[in-house]
Visitor: 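Once you've had a glance at the structure underneath, I'll fire off some questions.
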Amino acid sequence: MNGIKIRGAGRSVPSNVVSNRDLERKIDTSDEWITSRTGIRNRHHCSGQETFSAITAAAAREALAAAGVRPEEIGACIVATVTADTLVPSAACVLQRALGLPEDIPCFDLNAACTGFLFALHTMECLLNASPRKFGLVVGAENLSRCINWEDRGTCILFGDGAGAAVVECREGWPSISAVMGCHGNDELLRLPGAEMEEHSYITMEGTRVFKFAVEAVPWCVGQVLERTGRKVEDVDFFVFHQANARIIDLVVRKYHIPPEKYYKNIAEYGNTSAASIPLVLGELWEQGKVGPGSRILTVGFGGGLTWGGAMIEFV
Ligand code: UT7
């Protein structure tokens, strides 16, 4: 199978910032508790014109521009999300219309919670191998602020909104992203009921148990991807982890002796943005010139489902 590489990345977050101090005025919490337990200081919440669809389209346009790829060259579009504006049409079909993507291509949403972007990258690699077009659009986007239970201080402080996008290219002879993925069907630890399925469609999470799952899953994924690709930590230019809790990232970084210049945390500014979190980091790294042509990234996601995944992806 031919592999994919990232040709351009983009991101968009709503301008409405909700700080820990704002939350102190609303619920029984403190800036000290939130920062020390999670590393989060701010999160951005959609409001007014800055809807899920608007930030998704903005991130995708930025990625297309960064890649120098025209909408008509796109061979497939996947939006990883659990919070699209509508279930039908899918966010990907809404995006198809907004961008003017071709009609003879698959556009669909993918739900793997916080691991969605990784599952989508792997799916895109498979799709582009069977497509006459060689570029794909992979987006991770969330509007989690609409599923927050403000009476649950253990979860309401965590989540933010945002969108990140990557234009990927598939070429003969390129290595596969060597994705490792897994799921452990669990309907208790992390839940977001479907529309009208329960009285309120809020996120619920048993945080401490999910934390324990994460600190096992993330190092395992790193090890698996290194083994599959025959690479060492020194061969990787950047490690990009799902931003759920700064302490989870610190633990894996310590375990693998990853130097500070090789990983990145933006959880302080955006909180946990689920499927958007990995592409938001990629977009920022791209913007700041920290990654570019030739960079090799090891990325790991984990979350509801429970789901986990890792991959090695290069920039072209
Ligand atoms: O993205 C998908 C994957 N998600 C994750 O990986 C999240 C993993 N879990 C976590 O990040 C952490 O478990 C949390 C940040 C969610 C919670 O941290 P924790 O250290 O596990 O705290 P806890 O839930 O055990 O709560 C400890 C204490 C409790 O008080 P008592 O019972 O010890 O008196 C809570 O009531 O902290 C209290 N607490 C709060 N206090 C102030 C819970 N939330 C808050 C709050 N402000 N917002």
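Values below: every heavy atom of this structure, side chains too, minus hydrogens, waters and symmetry copies. Remember, it's 1-based here, ligands and their atoms both numbered in the order they're listed. This is a predicted model, so every value here is computed, not measured.
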Visitor: Parallel, tilted or perpendicular: which one describes the rings of Phe302 and His242, with boundaries at 30° and 60°?
Guide: perpendicular
Visitor: Taking 4.0 angstrom as the limit and counting only heavy atoms of Ala244, give me the atoms of ligand 1 inside it, by number and element.
Guide: 1 (O), 4 (N), 5 (C), 6 (O)
Visitor: What side-chain hydrogen bond (donor to acceptor under 3.5 Å, both in side chains) pairs are there with at least one residue in residues 219-228, not counting sequence neighbours?
Guide: none
Visitor: Consider only side-chain N and O atoms of Glu284 and Tyr264, and report whether a donor and an acceptor are under 3.5 Å apart.
Guide: yes
Visitor: Quick one: nearest non-hydrogen protein atom to atom 3 (C) of ligand 1, plus distance?
Guide: Val210 CG1, 3.7 Å
Visitor: For residues Glu314 and Ser295, is any side-chain donor paired with an opposing acceptor at under 3.5 Å?
Guide: no
Visitor: Ile248 heavy atoms, cut-off 4.0 Å: which ligand 1 atoms fall inside?
Guide: 6 (O)
Visitor: So which bit of Thr29 gets within less than 4.0 Å of ligand 1, heavy atoms only: side chain, backbone, both or neither?
Guide: both
Visitor: Taking atom 34 (O) of ligand 1 as the reference point, report whether a protein heavy atom occurs under 4.0 Å from it.
Guide: no
Visitor: Can you list the ligand 1 atoms lying under 4.0 Å from a non-hydrogen atom of His242?
Guide: 1 (O), 2 (C)
Visitor: For atom 1 (O) of ligand 1, what is the closest protein heavy atom, and at what distance to 0.1 Å?
Guide: Asn272 ND2, 2.7 Å
Visitor: Evaluate whether atom NE2 of His122 has more than 12 neighbouring non-hydrogen atoms of other residues, nucleotides or ligands under 6.0 angstrom away.
Guide: no
Visitor: Any N or O on Leu158 sitting closer than 3.5 Å to an N or O of ligand 1?
Guide: no
Visitor: Show the nearest heavy-atom pair for residues Asp109 and Ala92, with the distance to one decimal.
Guide: OD1-N, 2.9 Å
Visitor: Assess whether a salt bridge exists between Asp104 and Arg133, defined as any Lys/Arg side-chain N lying under 4.0 Å from an Asp/Glu carboxylate O.
Guide: yes
Visitor: For atom 29 (C) of ligand 1, which protein heavy atom lies nearest, and how many Å away is it?
Guide: Arg153 NH2, 4.9 Å
Visitor: Under 4.0 angstrom from ligand 1, any heavy atom of Ile34?
Guide: no
Visitor: Looking at Gln49, I'd like to know if its CD atom is crowded, meaning that more than 12 non-hydrogen atoms belonging to other residues, nucleotides or ligands lie closer than 6.0 Å.
Guide: no
Visitor: Give the contacting part of Thr155 toward ligand 1: side chain, backbone, both or neither, where contact means a heavy-atom distance below 4.0 Å.
Guide: neither
Visitor: Give a yes or no on whether Glu234 atom CD has more than 12 heavy-atom contacts from other residues, nucleotides or ligands under 6.0 Å away.
Guide: yes
Visitor: Can you confirm whether some protein heavy atom lies under 4.0 Å from atom 25 (O) of ligand 1, or whether none does?
Guide: yes
Visitor: Give the residue, atom name and distance (to 0.1 Å) of the protein heavy atom nearest atom 7 (C) of ligand 1.
Guide: Met205 CE, 3.8 Å
Visitor: A quick test of your reading: do over 12 heavy atoms of other residues, nucleotides or ligands sit less than 6.0 Å from CZ of Arg247?
Guide: yes
Visitor: Could you check whether atom 5 (C) of ligand 1 has a protein contact, counting only heavy atoms that fall below 4.0 angstrom?
Guide: yes
Visitor: Check the pair Arg146 / Asp161 against salt bridge (charged side-chain N to carboxylate O under 4.0 Å, His left out), numbers first and verdict last.
Guide: CA-CA 9 Å; Arg146 61 170 147 217; Asp161 303 335; over 6 Å; no
Visitor: Measure the distance from atom 10 (C) of ligand 1 to every protein heavy atom, then report the residue, atom name and distance (to 0.1 Å) of the closest one.
Guide: Asn245 ND2, 3.6 Å
Visitor: Under 4.0 Å from atom 14 (C) of ligand 1, is there at least one protein heavy atom?
Guide: no
Visitor: Look at atom CD of Glu261 and say whether more than 12 heavy atoms of other residues, nucleotides or ligands are closer to it than 6.0 Å.
Guide: yes
Visitor: With a cutoff of 4.0 Å, is Phe302 in contact with ligand 1, counting heavy atoms of the residue only?
Guide: yes
Visitor: What residue and heavy atom of the protein are closest to atom 23 (P) of ligand 1, and at what distance?
Guide: Thr208 OG1, 3.9 Å
Visitor: Looking only at distances, can you tell me whether any N or O atom of Arg37, backbone or side chain, sits closer than 3.5 Å to an N or O atom of ligand 1?
Guide: yes
Visitor: Please report which non-hydrogen protein atom sits nearest to atom 9 (N) of ligand 1, along with the residue it belongs to and the distance in Å to one decimal place.
Guide: Gly207 O, 3.0 Å
Visitor: Would you mind reporting whether Met181 and Trp308 have side-chain heavy atoms less than 4.5 Å apart?
Guide: no
Visitor: So if I count the atoms of ligand 1 from 1 in the order they appear, which ones are less than 4.0 Å from some heavy atom of Cys114?
Guide: 1 (O), 2 (C)
Visitor: Go through the steps for Asp28 and Arg153 under the test salt bridge (charged side-chain N to carboxylate O under 4.0 Å, His left out), then give the verdict.
Guide: CA-CA 7 Å; Asp28 178 16; Arg153 66 178 180 165; 3.4 Å; yes
Visitor: Does Thr38, backbone or side chain, put an N or O under 3.5 Å from an N or O of ligand 1?
Guide: no
Visitor: Please list the nearest protein heavy atom to atom 17 (C) of ligand 1 with its residue and the distance rounded to 0.1 Å.
Guide: Trp33 CH2, 4.1 Å
